[in-house]
Amino acid sequence: MGENLTRKIIGAHLVTGEMKPGAEIAIRIDQTLTQDATGTMAYLQFEAMGIPQVKTELSVSYVDHNTLQTGFENADDHRYLQTVAAKYGIYFSRPGNGICHQVHLERFGVPGKTLLGSDSHTPTGGGLGMLAIGAGGLDVAVAMGGGPFYLTMPKVVNVELLGKLPAWVSAKDVILEVLRRLSVKGGVGKIIEYSGPGVKSLSVPERATITNMGAELGATSSIFPSDEVTRSFLAAQGREEQWVELAADDNATYDEKLVIDLSRLEPLVACPHSPDAVKTVKELGTLKVNQVAIGSCTNSSYTDLMQVAEILRGQKVHDDVSLVIAPGSRQVLEMLARNGALAELIAAGARILESACGPCIGMGQAPATGAVSLRTFNRNFPGRSGTQDASVYLVSPAVAAFSALKGYLADPRELGNMQQIEMPVRFLIDDSMIIPPAADPSTVEVVRGPNIKALPVNTELPETIKAAVLLKVEDNITTDHIMPAGAKILPLRSNVPALSKFAFSALDPDFAQRAQTAGSGIIVGGHNYGQGSSREHAALVPMYLGIKIVLAKSFARIHYANLVNFGILPLTFDAESDYENVHQGHLLEVSDLASQLLNGTALVLANKTTGSIVKANHQLTPRQVDIILAGGLLNYTKQQ
Ligand code: MIC
Ligand code: SF4
């Protein structure tokens, strides 16, 4: 029986465990990446481990999220990140150099390698044939220290691509089609592996758009084979020697299968407020648009923006639309500047931002009250844009650009003939904004600004937890609900006491105060609790606020791991209907915790308010039980 590509790469990196879907495995990590919003915490954790130099083949620290410097905080964090990188053997990509995933694809990604990143969109690297996985900062810190990465052996889902995309239909429409079919929880516990005759028609940046938004499926990762297209991309980046050919065996088997005929796709839109609320542009009819934002790690490559420039050439943005463009990297921006395309964007009336995440994470460009914003981004969770009542629609660059001219959601197929955008034979290569680690680390002093506060640590799990349900939430709660981002809150990522005031703030402004007063508490959730970002702050802050248990119908992968890492006990309802019987304010008690956790997976909680019993389960591996009992991964590692 032939092997699929995913299993080949996992097999080549397997440290412990058996490659049986659902079993815990550990894999060796070749490369790591961090970004500034999660990186500061990750490096504080790395420093706490007392390891003199990173042990990976390559570790890169990017600054791309916190670039709106409205106070000293972000610049302080950048300085910390630069000095800590120099000292511990990490490459440092300076602010302005671009979005981590775009730059990593251009300059560092290597087919067949494993990449662990403290950002949920790390699977962008799957476009190059890497096994690239997003994780919490603590897991990335452990990997930098040479530790393996523990994960549940995923099922491998094959998406077979047939045919070729019609004119004006793009990679974004492919992944929106996958989201339409599988939903935001359809990928949990799975890796999506693309194959088939349609693959060769997609460039590496197009493949990366697809693997990037695999994160929105909840998938562990997504991957494309490494073929001649990959080779010419790497050659154009001056890195052809890093190319290896990789593909599934001809007779490879998969756990699930999906077929997509590219030639039958049409321009799609993800409607508010979920990336899987997908409709066709046609179906939506005339929708007046107030803002168009082009960029993010999903759709800000050179070819994406060249297509936008072609559509805008000689035209003007509609009077009622604000068009904003953030190129994905300095390479992209400089190439557009040198070939004149940037002038076309400016002449058309676009507002050009620096190469960074920007509006994608609410760092500026919040839309007007009640506005409709079309974005080429990957997430449209409520409030993420910075405006609570804005309606964000996710679209391809072509739909975005054409709509910016029209003033309403418009189908680019009306433009007629499409000029094919050629991949450059040679990208403009200038790595001068990527600073290598110091030759002599002993000369480097790590600089910490006043925004960097000590790392809160948990205590051992008590034998009995008796605590009130402080919050009850619905299905698909995102980490943006739990720990919002945006221009006001994101600068506080390295200051947990200050950050904690904003936990769940959009859902329940009193939550933080209530938790602080109670001293300990429980959260009750629905399905797919914690979907979205990798931010460990969505576990760290609730831990800081005294949350001991999250009892939900099901969890998203990265958030589940983050809860364990910080010693919060994640439990699932044995009978989903019990969700209806537990309310905010109910007092729950669970005793003999250690023996209940060690001797099986079933637990019993007493509802002291109603006098009834709630049966729950845990999906923890023996290693995770030990981590929970120790009060989190840092304590556990110290004990070892
Ligand atoms: C996001 O897109 O939500 C982020 C901001 O990039 C996060 C990381 C973070 O919260 O710092 C992610 O996707 O992991
Ligand atoms: Fe940055 Fe947005 Fe990509 Fe997250 S999804 S890494 S915020 S561009």
Side-chain angles (χ1 to χ4, degrees), residues 33-42 61-68 74 77 81 93 95 98-105 116-125 132-137 139-140 175 208-209 211-216 218-219 275 293-301 304 324-329 332 353-365 375-381 383-386 392 394 478-487 489-494 499 502 530-541 556-559 561-562:
L33 71 77
T34 57
Q35 40 89 342
D36 48 341
T38 54
T40 309
M41 202 47 81
S61 169
Y62 294 92
V63 177
D64 52 6
H65 284 65
N66 272 332
T67 57
L68 195 66
N74 292 343
D77 285 3
L81 289 168
S93 172
I99 305 173
C100 54
H101 309 303
Q102 175 67 24
V103 179
H104 208 84
L105 195 75
L116 193 70
S118 63
D119 191 280
S120 65
H121 290 103
T122 304
T124 311
I133 302 178
D139 283 330
V140 176
I175 187 62
T209 293
T211 58
N212 172 288
M213 272 190 88
E216 276 53 70
I294 298 176
S296 95
C297 56
T298 328
N299 273 123
S300 59
S301 66
D304 279 339
V324 47
I325 301 178
S329 69
V332 171
L353 301 181
E354 71 173 317
S355 298
C357 301
C360 178
I361 194 57
M363 277 290 186
Q365 304 292 326
R375 300 177 160 216
T376 66
F377 307 168
N378 44 33
R379 291 187 171 144
N380 57 350
F381 301 145
R384 183 173 161 105
S385 67
V392 176
L394 307 176
T478 73
T479 53
D480 279 292
H481 290 108
I482 304 171
M483 202 54 260
I489 307 176
L490 212 48
L492 304 173
R493 284 286 180 89
S494 46
L499 188 65
F502 299 95
Q531 69 158 326
S533 152
S534 70
R535 61 190 72 149
E536 59 191 353
H537 302 79
L540 178 54
V541 164
R557 173 187 67 91
I558 308 180
H559 187 60
N562 285 335

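Just so you know, these numbers come straight off a predicted model, no measurement behind them. We count ligands from 1, going down the list as the structure has it; atoms in each ligand are counted the same way.
Here the closest heavy-atom approach between residue Ala37 and residue His65 is recorded as CB-CB, 3.9 Å. Annotation for Pro491 and Asn66: closest pair N-OD1, 3.9 Å, computed over non-hydrogen atoms. The heavy-atom pair separating Ile294 from Asn299 by the smallest distance is CG2-O, 4.4 Å. For the pair Ala561 and Asp139, the tightest heavy-atom approach, listed with the atom from each and the gap, is CB-OD2, 4.3 Å. The heavy-atom pair separating Cys357 from Ile99 by the smallest distance is N-CG1, 3.9 Å. Gly98 and Asp64 get closest at one heavy-atom pair: O-CB, 3.5 Å.
Counting heavy atoms from C-beta on, the side chains of Leu81 and Thr40 come closer than 4.5 Å. Between Cys360 and Arg384 there is a side-chain heavy-atom pair separated by less than 4.5 Å. Contact annotation: the side chain of Val332 never approaches that of Ser300 to less than 4.5 Å [non-hydrogen atoms, C-beta and beyond]. A heavy-atom distance below 4.5 Å is found between the side chains of Met483 and Leu499.
For atom 7 (C) of ligand 1, the closest non-hydrogen atom on the protein side is Ser533 OG, 3.1 Å. Nearest protein heavy-atom neighbour of atom 1 (Fe) of ligand 2: Cys357 SG, 2.3 Å. Counting protein heavy atoms only, atom 2 (Fe) of ligand 2 is closest to Cys360 SG, 2.3 Å. Looking only at protein heavy atoms, the nearest one to atom 2 (O) of ligand 1 is Arg384 NH2, 2.8 Å. Looking only at heavy atoms of the protein, atom 8 (C) of ligand 1 is closest to Gln35 NE2, 3.1 Å. Remark: minimum distance from atom 13 (O) of ligand 1 to any protein heavy atom is reached at Ser120 OG, 2.5 Å.
Within the listing of ligand 2, atoms 5 (S) sit less than 4.0 angstrom from a heavy atom of Asn378. Applying the 4.0 Å criterion to heavy atoms of Ala37 picks out, from ligand 1, the atoms 11 (O). In the vicinity of Ser534, heavy-atom distances shorter than 4.0 Å reach the ligand 1 atoms 12 (C), 14 (O). Heavy-atom proximity to Asp119, at under 4.0 Å, picks out these atoms of ligand 2: 6 (S). Heavy-atom contacts of His65 reach the following atoms of ligand 1: 4 (C), 5 (C), 6 (O) (cutoff under 4.0 Å). Counting the atoms of ligand 1 from 1 in the order shown, those under 4.0 Å from a heavy atom of Arg379 are 1 (C), 2 (O), 3 (O), 12 (C), 13 (O). The atoms of ligand 1 that sit less than 4.0 Å from any heavy atom of Arg535 are 1 (C), 3 (O), 5 (C), 9 (C), 10 (O). Near Ile361, meaning under 4.0 Å from any of its heavy atoms, are these atoms of ligand 2: 7 (S). Each of the following atoms of ligand 2 lies closer than 4.0 Å to a heavy atom of Cys297: 3 (Fe), 5 (S), 6 (S), 8 (S). If you number the atoms of ligand 2 from 1 as listed, the ones under 4.0 Å from a heavy atom of His65 come out as 1 (Fe), 4 (Fe), 6 (S), 7 (S). The Asp119 neighbourhood of ligand 1 comprises atoms 4 (C), 6 (O), 7 (C), 8 (C), 12 (C), 13 (O), 14 (O), with distances under 4.0 Å to a heavy atom of that residue.
Below 3.5 Å of separation, one finds no N or O of Asp480 facing any N or O of ligand 1. The distance criterion of under 3.5 Å between nitrogen or oxygen atoms is not met by Thr38 with respect to ligand 1. Considering backbone and side-chain atoms together, Ser118 places no N or O closer than 3.5 Å to any N or O of ligand 1.
Proximity of Arg493 to ligand 1, defined as any heavy-atom pair under 4.0 Å, is confined to the side chain (atoms from C-beta onward). Contacts of Ile361 with ligand 1, taken as heavy-atom pairs under 4.0 Å, involve the side chain alone.
The closest side-chain donor-acceptor pair between His101 and Asn212, if any, does not fall under 3.5 angstrom.
With Ser120 as reference, Arg379 is the one residue of Arg557, His559, Arg535, Arg379 to meet the side chain to side chain donor-acceptor pair (under 3.5 Å) rule.
Formation of a donor-acceptor pair under 3.5 Å by the Thr211 side chain with backbone atoms of Pro123 is found in this model.
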